[in-house]
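Predicted model only: the values in this text are computed from it and were never measured.
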Amino acid sequence: MADLAEYNDQNFYDSLTTTVDGEEVTIPTKKFLAFQSDELQYAIDADYVSEIIIPNSITKIPKLPEFISGIINLRGQLVPILDIRLRMGRSKTVFTDDTCIIIMKVDDIQLGILVDSVSQMIDIPEPNISALPLSKHQELVNGIIRIHDMVLLIISIEDLLKKNF
């Protein structure tokens, strides 16, 4: 994901302020974690991210939906792991050296999502964030981020949790 790294390296923070009528104005930003899954670029609100871990042993649990890979023991806490590829109607995640689990916490619910790779945390100017009308096929995507010629799909963590837990 070189384009995103390049975006961050181009004095990005200088573009967060502008001058309007002789006054310096700060453009509000939102922090996201960018990741890749099945050759698509996604982002999640960084407020929900607790940590990123390398998958080791995921214990299968019978009679769960296919997109729930199982659970892990994370420092004494049992955390369900969701395969984001399967949840988005794509093929199962293939484990590589870059595969990781993003551990998130929303209210009292802790959840891990299995992704192909994590790119980086990135501050996005709010004008670069657009709403996306929900459709039947992208029920978990609630917005898009435009950075130069690249688009990241924003995953709705609230919808992800409501529909699964």
Side-chain angles (χ1 to χ4, degrees), residues 1-18 25-55 65-69 79-107 109-165:
M1 190 167 193
D3 289 36
L4 188 56
E6 187 176 298
Y7 172 73
N8 259 356
D9 292 340
Q10 296 175 347
N11 296 323
F12 172 70
Y13 294 103
D14 294 340
S15 67
L16 297 178
T17 59
T18 189
V25 177
T26 301
I27 300 169
T29 62
K30 183 100 177 102
K31 187 175 287 295
F32 289 90
L33 176 66
F35 66 92
Q36 183 174 0
S37 180
D38 199 26
E39 298 182 18
L40 292 173
Q41 306 299 325
Y42 293 97
I44 55 175
D45 186 329
D47 291 341
Y48 297 119
V49 177
S50 299
E51 62 186 295
I52 300 164
I53 63 172
I54 296 169
E66 182 183 7
F67 57 83
I68 305 288
S69 297
V79 179
I81 304 300
L82 183 144
D83 186 329
I84 198 70
R85 278 187 177 202
L86 289 174
R87 184 61 186 95
M88 300 298 270
R90 298 181 171 273
S91 63
K92 186 176 182 173
T93 298
V94 177
F95 285 81
T96 69
D97 290 342
D98 294 327
T99 304
C100 53
I101 298 172
I102 301 169
I103 303 294
M104 300 176 298
K105 188 164 185 173
V106 181
D107 298 323
I109 298 172
Q110 197 168 26
L111 167 73
I113 59 172
L114 188 62
V115 301
D116 293 350
S117 64
V118 169
S119 303
Q120 60 189 292
M121 286 285 191
I122 185 166
D123 290 303
I124 302 295
E126 287 185 4
N128 292 51
I129 304 169
S130 303
L132 179 72
L134 297 179
S135 74
K136 186 176 185 180
H137 301 289
Q138 288 298 332
E139 61 193 277
L140 300 176
V141 175
N142 67 353
I144 58 174
I145 298 170
R146 290 184 179 93
I147 305 171
H148 301 297
D149 62 344
M150 189 172 58
V151 173
L152 285 86
L153 303 171
I154 302 172
I155 300 287
S156 169
I157 300 304
E158 295 89 353
D159 288 344
L160 184 69
L161 289 174
K162 278 190 243 174
K163 295 186 185 321
N164 299 307
F165 298 96

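Under the side-chain hydrogen bond (donor to acceptor under 3.5 Å, both in side chains) criterion, Gln110 pairs with no residue at all, not counting sequence neighbours. Annotation: side-chain hydrogen bond (donor to acceptor under 3.5 Å, both in side chains) contacts of Ser117 (sequence neighbours excluded): none. Under the side-chain hydrogen bond (donor to acceptor under 3.5 Å, both in side chains) criterion, Thr93 pairs with Asp83, not counting sequence neighbours.
Interatomic distance, CD of Gln36 versus CD1 of Ile84, reported as 13.5 Å (0.5 Å rounding). Separating the CD1 atom in Ile155 from the OG atom in Ser37 is a distance of 8.0 Å, to the nearest 0.5 Å. In this structure, CZ in Phe35 is found 10.5 Å from CG in Leu114, a value given to the nearest 0.5 Å. Note: Ile102 CD1 to Glu51 CD = 11.5 Å, rounded to the nearest 0.5 Å. Interatomic distance, Arg146 CZ to Asn128 CG, rounded to the nearest 0.5 Å: 9.0 Å.
Between Asp38 and Ser91, the closest heavy-atom pair is OD1-OG, 4.4 Å. Closest of all the heavy-atom pairs between Val94 and Arg85 is N-NH1, 4.3 Å. The shortest heavy-atom contact between Ile144 and Ile154 is N-CD1, 3.9 Å. For the residue pair Leu111 and Pro80, the shortest heavy atom distance occurs at CD1-O, 3.5 Å. Here the closest non-hydrogen pair linking Pro125 and Ile27 is CB-CG2, 4.0 Å. Scanning both residues, Cys100 and Val118, for their nearest heavy atoms gives SG-CG2, 3.2 Å.
Each of Asp45, Leu82, Val79, Ile113 was compared with Met104 under the side-chain contact (heavy atoms from CB on, under 4.5 Å) criterion, and only Ile113 meets it.
At most 12 non-hydrogen atoms from other residues, nucleotides or ligands lie less than 6.0 angstrom from CD of Glu66.
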Verdict with supporting geometry, Ile101 and Ile103, side chain to side chain contact (heavy atoms under 4.5 Å, CB included): CA-CA 6 Å; Ile101 298 172; Ile103 303 294; 3.6 Å; yes
Check against side chain to side chain contact (heavy atoms under 4.5 Å, CB included), Asp116 and Asp98: CA-CA 6 Å; Asp116 293 350; Asp98 294 327; over 6 Å; no
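Within the 4.5 Å cutoff, side-chain heavy atoms of Asp47 are placed close to those of Lys30. Between Ile145 and Gln41, every side-chain heavy-atom pair lies at or beyond the 4.5 Å cut-off. Two residues are said to be in side-chain contact when any heavy atoms from C-beta on lie closer than 4.5 Å; Ile129 and Phe32 meet this criterion. You'll find the side chain of Leu33 reaches within 4.5 Å of the side chain of Ile52, heavy atoms only.
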